[in-house]
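Heavy-atom basis, side chains included; hydrogens, waters and symmetry copies ignored. Only a predicted model underlies this, so the values are computations on that prediction, with no experimental measurement involved. Letters A, B, ... mirror the listed sequences (proteins, then strands); counts begin at 1.
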2 protein chains.
Amino acid sequence: MDEWHDLDADELAFVTRVKRDHVFEPGEVIFHQGAPCDGMYWVRTGLTGERRLDPDGEMALVRLGYAGGALGYQELLTGKPYRNSAEALKRTATCYLSHAAIRELLDRNTKLRDRFLQRCVRDHEKTEKNLVAALNRGVRTRFLYALLKLYERYGQFVTGKGHILELPIARKDLAALVGTGPESISRTIRKLERDRIASFDGRTVFFPDLGAVQDEIHNVG
Amino acid sequence: MDEWHDLDADELAFVTRVKRDHVFEPGEVIFHQGAPCDGMYWVRTGLTGERRLDPDGEMALVRLGYAGGALGYQELLTGKPYRNSAEALKRTATCYLSHAAIRELLDRNTKLRDRFLQRCVRDHEKTEKNLVAALNRGVRTRFLYALLKLYERYGQFVTGKGHILELPIARKDLAALVGTGPESISRTIRKLERDRIASFDGRTVFFPDLGAVQDEIHNVG
DNA sequence: CGTCTGGTTGATCTAGATCAACAGGAGTGG
DNA sequence: CCACTCCTGTTGATCTAGATCAACCAGACG
């Protein structure tokens, strides 16, 4: 939580007094889309996903939340209801601060606002990148991009074996992240294997040449 | 410019001293993608577009900027180069503030930071909406959504004639906004006319029943 | 006049959506 | 232990939205 670096002793004491720690098991919902926003969550460890469901039943996985991420801070600042549902995708330890608590902190410490601003700009940057990818890249490229991002968090290089990624999420969530169905993910996986870009064994992915992956998505960045 | 309401007399004097007004003609570039960010622009009147070009030559129109909008403030806050090019789509009057000037103002007036934060959240909200639309809606729906947004700014209800929208931008830019080509826009226009949702005559659009439009996009909001 | 740009249409092709079937666990209950 | 169902993932067959390539027209502009 970058945001806390700027707090003085008093404020830190305040935080430790009013914060509420909570661990969510995989699949557990942290808050519901459309519900009034009563506070925000920090992701301490684990993995979360923000889903948006539209009236036609279409669901999109808008964003993943890693350790250090914040959930619902935008709604907290605008006072609107949560626009996405948040859910733990892995076992996730969170820290909750109520609306009132955050308000108090924001009033006391102006640097905190800067932190939020920085965070917001960075988050926006990412969604914008995803937007342009969604607008003019195919499923394959977007999927590779998602894999690469996951690799940056969960992947490792094992000497002799190469680049390995243990997928933290299921196929259908990969699909929802890319904006397609599980079938299309399955098929593009086959194609990627055929092209020797990556090979899949259940939830583990091997990249023979990570550079080849980077190459294919140089455009989305 | 909401942001200016919070400035005191001194600060306003400072702004009027250091700001640079500039009018851009249609098609004129305000700043280039990839160029170092030296300052930001307010849109006083007119219409701007932010374009992102990727290495493969694919271009997307990421966002339109109406009066009251801000250009390049995110890069200004992060210190990164402009990620999009900005261009005047109609004759646009802008007000430029240098990096140093904004920094000075931000240091002096903490409320100004809040304004930026609010703006950033709102902007992010919009791109997120566009993202989910791009992920799971077809060209037709996204196009209607774009038209509706334009109607909110440029449309008018003429008694006896109905809802009329004079399109401020060309077909190819409509296409770039939706993430498709001009041909597809042309074809979906025909379909919309066939379905009596809208009729087109050059750059003027008639909506016989605006409710029908709203209905078709209730999902994207 | 020719040339250019913006827009429309036609013909074709393909990525990807959709519907359906099926295979392997994993859990549950007899 | 087996039978059952549920859930995830994969594959096949088919269909369609939309991309792509090409021709064409109209107005703008030298």
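- In this structure, the side chain of Asp209(B) engages the main chain of Gly211(B) through a donor-acceptor pair within 3.5 Å.
- Minimum heavy-atom separation, Leu177(B) to Leu61(B): CD1-O, 3.5 Å.
- When the C1' atom of dG9(D) is taken as reference, atom CD1 of Ile169(A) falls 15 Å away, rounded to whole Å.
- Counting heavy atoms from C-beta outward, Leu210(B) and Tyr151(B) have side chains that approach closer than 4.5 Å.
- To the nearest angstrom, P of dG9(D) lies 11 Å from CZ of Phe143(A).
- No side-chain heavy atom of Arg187(A) sits under 4.5 Å from any side-chain heavy atom of Val139(A).
- A side chain to side chain contact (heavy atoms under 4.5 Å, CB included) with Leu71(B) is found for exactly one of Trp42(B), Tyr96(B), Tyr41(B), Tyr82(B), namely Tyr41(B).
- Scanning all heavy atoms of the two residues, the minimum distance from Ala60(A) to Leu135(B) falls at CB-CD1, 4.1 Å.
- Between Phe143(B) and Phe200(B), the angle of the ring planes stays under 30°, which puts this pair in the parallel group of the 30/60° scheme.
- Counting to the nearest Å, the C1' atom of dT5(C) and the CG atom of Asp173(B) are 13 Å from each other.
- Rounded to an integer number of Å, the gap from Glu58(A) CD to dA17(C) P is 10 Å.
- Counting to the nearest Å, the P atom of dG9(D) and the CG atom of Leu174(A) are 8 Å from each other.
- Atom C1' of nucleotide dG16(C) and atom CZ of Arg137(B) are separated by 16 Å, given to the nearest angstrom.
- Residues of residues 188-207 of chain B that place a heavy atom closer than 4.0 Å to DNA chain C, in numerical order, are Arg190(B).
- Judged by distance alone, the side chain of Ser85(B) and the main-chain N or O of Gln33(B) form a donor-acceptor pair under 3.5 Å.
- Remark: C1' of dT8(C) and CZ of Arg171(B) are 9 Å apart, rounded to the nearest angstrom.
- With hydrogens and angles disregarded, a donor-acceptor distance shorter than 3.5 Å links the side chain of Asp54(B) to the backbone of Asp56(B).
- Between Leu76(B) and Phe116(B), every side-chain heavy-atom pair lies at or beyond the 4.5 Å cut-off.
- Phosphate proximity of dA17(C) to Thr180(A): present, with a side-chain N or O under 4.0 Å from OP1 or OP2.
- For Ser186(A), taking side-chain heavy atoms from C-beta onward, the closest of the listed nucleotides dT8(C), dT11(D), dT8(D) is dT11(D).
- Counted by atom type alone, Asn84(B) and Glu128(A) present one or more donor-acceptor pairs between their side chains at under 3.5 Å.
- The separation between Ile185(A) atom CD1 and dT8(D) atom P is 16 Å, rounded to whole Å.
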Protein-proximity profile, nucleotides 21-30 of chain D, B/S/- by nucleotide at the 4.0 Å heavy-atom cutoff, equals B---------
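- Considering only side-chain N and O atoms, Ser184(A) lies under 4.0 angstrom from the phosphate OP1 or OP2 of dA17(C).
- Rotation axes derived from the C1' atoms of the five outermost pairs at either end of the helix from dC1(C)-dG30(D) to dA26(C)-dT5(D) lie 20° apart, to the nearest 10°.
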